[in-house]
Amino acid sequence: MKMIKVSKKIIEPHEILYLESRGNYTMFYLLDNKTEMSSFTLQIFEEKLKDYNFYRVNRSQIINFSEIKLFDSTCEQLNIFLKNGLQFSVSRRRRKLFENHQSLFVS
């Protein structure tokens with residue numbers, strides 16, 4: 001399994017809950033409730049994690065698909081709830097792509 005270097009720490013993809021853009025930085029939220037900050041943009045990590053069941057749901061967040069508990073879809077909006085209760089909104093622009101991606105990874 002590929003490891004991701006964040007600051008001076010090595011993180012395995014399965015340890016990541018989600019990532020969030022902070023301007024030119026990326027904040028990693030880990031399953032052990034810790035956070036790590038990287039000086040690389042979210043786009044860099046989107047590319048590195050594309051083969052590890054991660055998906056960019058909107059401009060500023062990438063989530064770990066294996067941590068999804070529930071999808072809630074209305075005509076206007078698609079919301080994702082993670083196992084820990086956090087909620088994310090999928091942008092309108094990414095909704096169709098997300099639904100296609102979901103069908104590949106969620107049984």
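Below, each value reflects all heavy atoms present in this structure, side chains not excepted, and no hydrogens, waters or symmetry copies.
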| request: Compare all side-chain heavy atoms of Tyr52 with those of His14 and state whether any distance is below 4.5 angstrom. | output: no
| message | When you compare the side chains of Ser21 and Gln61, does any donor N or O come within less than 3.5 Å of an acceptor on the partner? | response | no
| request: Find out whether Ser38 and Tyr25 are in side-chain contact, i.e. whether some heavy atom of one side chain is under 4.5 Å from a heavy atom of the other. | output: no
| note | Residues Met27 and Thr35: closest non-hydrogen pair is SD-CB, 3.7 Å
| task | To the nearest 0.5 angstrom, please state how far the CG atom of Leu78 sits from the OG atom of Ser89. | result | 8.5 Å
| What distance separates Leu82 CG from Lys69 NZ, expressed to the nearest 0.5 Å? | 10.5 Å
| task | Just do the side-chain hydrogen bond (donor to acceptor under 3.5 Å, both in side chains) check on Ser66 and Asn53 with the steps written out, would you? | result | CA-CA 7 Å; Ser66 62; Asn53 208 14; 5.0 Å; no
| remark: Separation between CG (Leu17) and CZ (Phe28), nearest 0.5 Å, reads 12.0 Å
| message | Which residue is it: Leu19, Ile68, Asn58? I am looking for the one with a side-chain contact (heavy atoms from CB on, under 4.5 Å) to Ile63. | response | Ile68
| If you draw a 6.0 Å radius around NZ in Lys34, do more than 12 non-hydrogen atoms from other residues or ligands fall strictly inside? | no
| message | If I compare all heavy atoms of Ile4 with all of Pro13, which pair ends up nearest, and what's the gap? | response | CG1-CG, 4.4 Å
| request: Compare all side-chain heavy atoms of Phe65 with those of Phe54 and state whether any distance is below 4.5 angstrom. | output: no
| Heavy-atom neighbours of Asn33 CG exceed 12 at 6.0 Å | no
| query | Salt bridge or not for Glu46 and Lys48, using N-O below 4.0 Å? | reply | no
| said: If you apply the rule side chain to side chain contact (heavy atoms under 4.5 Å, CB included), what do you find for Phe71 with Ile80, and how did you get there? | reply: CA-CA 5 Å; Phe71 298 96; Ile80 297 167; 4.1 Å; yes
| CD/Glu15 to CD/Glu36 distance, rounded to the nearest 0.5 angstrom? | 10.0 Å
| message | Donor-acceptor pair, distance only, cut-off 3.5 Å: does the side chain of Asn64 make one with the backbone of Ile16? | response | yes
| message | Among Tyr29, Tyr18, Phe81, exactly one meets side-chain contact (heavy atoms from CB on, under 4.5 Å) together with Leu86. Which residue is that? | response | Tyr18
| said: How long is the straight-line distance from CG of Leu49 back to CZ of Arg56, given to the nearest 0.5 Å? | reply: 11.5 Å
| query | Taking atom CZ of Arg92 and atom CD of Gln77, what is their separation to the nearest 0.5 Å? | reply | 10.0 Å
| said: I'd like to know whether Glu67 forms a side chain to side chain contact (heavy atoms under 4.5 Å, CB included) with Leu31, so could you lay out the CA-CA distance, the side-chain angles of the two residues, the decisive distance to 0.1 Å, and finally the verdict. | reply: CA-CA 9 Å; Glu67 291 301 313; Leu31 290 172; 3.5 Å; yes
